[in-house]
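Here is the structure we will look at, set down as structure tokens.
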Amino acid sequence: MVGITYEDFLDLDHDPDDTELVCAFYVEPAADQSPESAASRVASESSNGTWAELQVEGSVTDLSATACGIEEATVAGRADRDGYRVTVAYPDALFEPGNMPQVLSCIAGNILGMKAVDRIRLQDCEWPEPLATSFPGPQFGTGVRTEIFDAGDRPITATVPKPKVGLSTAQHAQIGYEAWTGGLDLLKDDENLTDQDFNPFEDRLTESLAMRDRAEDETGEKKSYLLNVTGAGSEMLERVDMAAEHGCEYVMVDVVTCGWGAVQQVRERCEHHGLAIHAHRAMHAAFDRLPDHGVSMRVVAQIARLCGVDQIHTGTADLGKLANEDTVGINEWLYADLHGLADVLPMASGGLHPGLVPELVDSCGTTIGVQAGGGVHGHPDGTHAGAKALRAAVDAVAAGRDIETAAEETPELATALETWGTETPR
């Protein structure tokens with residue numbers, strides 16, 4: 001008979017092998033816990049431990065996680081707290097291959113509510129080849145710029161009709177036409193626009209694509225539509241099928257709110273149709289906004305890449321209207337090699353306008369998407385002019401030109417700069 005205690009989950013001499021999933025946590029132990037006892041409880045609860053000492057008879061597969069690193073650490077706003085970076089290594093056999101909900105139930109499940117820690121945040125993961133390659137990864141990734149569009153080395157551009165909900169189907173499609181003919185690549189649904197009475201899903205799909213086809217004929221450029229298929233299980237898959245039947249190249253999914261198992265289903269169906277997936281991260285801040293608790297946006301982006309999205313919102317590098325977490329570092333991870341899986345195109349959005357494009361590209365490079373809503377439709381001369389202004393700014397910066405010079409050739413850009421300057425809106 002073998003006794004198992006919390007201490008069995010702590011081994012600071014353990015050197016993880018290349019099959020183990022290694023996770024880094026920020027941990028603030030509860031007042032009655034040492035760093036070591038808190039770390040051992042994190043490893044125990046997230047693998048095969050329990051609060052009572054176990055007496056196990058016979059042979060049992062060892063699926064114990066190992067707390068193998070403890071270092072003092074601080075995060076923003078918590079410098080007065082005793083915080084630690086805790087490293088935990090998980091054996092490959094603990095996980096069901098290709099099942100992201102199960103993986104997350106292990107590494108970001110009960111441990112987030114343990115009394116043994118006052119705060120705990122999953123900050124980063126090192127994904128081993130056996131587990132990573134059990135997921136499909138993206139079909140297109142950054143390749144959407146050339147496989148779907150002819151964008152070359154410039155950022156692709158997108159906009160959401162404003163107001164983002166409440167427009168009729170005809171209004172929505174007309175705004176798409178004005179944006180497309182103004183030079184933008186993508187029309188995008190808002191995250192909370194699906195199949196409401198004021199703008200039904202199938203009507204919006206068919207009327208928007210009709211306007212897309214008209215815009216392609218007039219501009220000679222490829223255009224597409226980020227159609228929000230988010231919904232309940234089978235309904236979402238039916239919407240993917242409908243998008244494909246009508247000739248749309250993309251679907252959009254609210255990946256956090258619909259759940260990662262649903263994202264995996266959509267990825268499988270989209271591969272059947274050859275559709276790209278645009279991931280909206282609505283609700284991500286419920287997990288990642290607090291620097292000392294939850295799950296980082298870096299990890300959310302990692303999960304999205306493994307599950308197979310092609311592009312995902314990652315922030316605006318401290319520009320725009322939304323709080324952002326290490327946009328540049330997250331983007332670099334999305335581009336990096338991951339055991340042969342395709343990369344992901346980061347999308348910058350939230351309070352952007354043409355005057356912010358130079359600073360955005362300076363921070364994030366050109367291998368991104370640039371999405372502006374109010375920064376297009378709020379142009380004094382309307383959506384078409386706003387689209388021309390954004391496209392002119394993107395083209396100029398991608399070509400290494402300053403936008404003030406470009407504005408001398410494009411009156412719409414000059415008006416945008418006069419209206420918003422180069423400052424971040426609040």
Side-chain angles (χ1 to χ4, degrees), residues 98 100 132-152 154-158 176 180 184-189 194-195 201-202 204-217 219-231 233-255 258 260-280 301 303-313 334-335 338-347 367-369 371:
M100 187 56 73
T133 56
S134 71
F135 294 93
Q139 285 191 82
F140 301 95
T142 59
V144 297
R145 296 196 302 165
T146 54
E147 294 183 50
I148 295 178
F149 303 103
D150 187 22
R154 70 167 173 83
I156 62 172
T157 54
W180 279 317
L184 302 192
D185 302 300
L186 285 161
L187 178 69
K188 175 189 167 299
D189 283 346
T194 52
D195 187 22
F201 177 86
E202 187 169 7
R204 185 171 73 255
L205 169 62
T206 55
E207 292 190 31
S208 295
L209 291 184
M211 286 296 197
R212 177 207 63 180
D213 294 345
R214 179 179 164 189
E216 287 183 342
D217 289 342
T219 64
E221 292 185 334
K222 182 65 181 175
K223 309 293 180 181
S224 196
Y225 176 29
L226 303 178
L227 173 72
N228 189 3
V229 299
T230 302
S234 60
E235 179 67 35
M236 190 152 53
L237 298 182
E238 290 172 8
R239 291 174 181 175
V240 173
D241 292 341
M242 195 181 303
E245 290 166 6
H246 286 84
C248 195
E249 296 84 1
Y250 274 94
V251 297
M252 173 182 133
V253 181
D254 297 338
V255 292
C258 81
W260 297 109
V263 175
Q264 291 185 258
Q265 288 183 294
V266 169
R267 169 62 174 83
E268 183 178 2
R269 188 63 63 91
C270 283
E271 181 171 11
H272 174 74
H273 292 301
L275 302 183
I277 300 173
H278 176 92
H280 195 288
I303 294 162
R305 180 179 180 183
L306 291 166
C307 289
V309 310
D310 297 289
Q311 51 197 57
I312 185 171
H313 297 254
L334 291 174
Y335 302 139
L338 183 63
H339 308 297
L341 297 183
D343 59 6
V344 176
L345 183 72
M347 295 293 294
T367 309
I368 58 173
Q371 178 189 300

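Just so you know, these numbers use all the heavy atoms, side chains as well, and skip hydrogens, waters and symmetry mates. As the structure is a prediction and not an experimental result, all values here were calculated from the model.
Contact record, Leu186 with Tyr225: CD2-N, 3.9 Å, taken as the closest heavy-atom pair. Residues Arg305 and Leu334 come closest through the heavy atom pair NH1-O, 3.4 Å. Here the closest non-hydrogen pair linking Met236 and Ala262 is CE-CB, 3.5 Å.
Taking the six-membered ring where the residue is Trp, His313 and His280 present tilted rings, their angle falling between 30° and 60°.
Phe140 CZ to Glu249 CD: the interatomic distance, rounded to the nearest 0.5 Å, is 9.5 Å. One finds the OG1 atom of Thr194 at 8.5 Å from the CG atom of Asp254 (value rounded to the nearest 0.5 Å). How far CZ of Arg145 is from CD1 of Ile368: 9.0 Å, rounded to the nearest 0.5 Å.
For the pair Val229/Val253, a side-chain contact is recorded, criterion being any heavy-atom separation below 4.5 Å from C-beta on. No side-chain heavy atom of Ile277 sits under 4.5 Å from any side-chain heavy atom of Val255.
Annotation: Glu268, atom CD; neighbour count of heavy atoms from other residues, nucleotides and ligands within 6.0 Å does not exceed 12. Within 6.0 Å of the CG atom in Asp150, the count of heavy atoms belonging to other residues, nucleotides or ligands does not exceed 12.
In this structure, Arg267 contributes its side chain and Gly137 its backbone to a donor-acceptor pair below 3.5 Å.
Using a 4.0 Å cut-off between a side-chain N of Lys or Arg and a carboxylate O of Asp or Glu, Asp241 and Arg269 qualify as a salt bridge.
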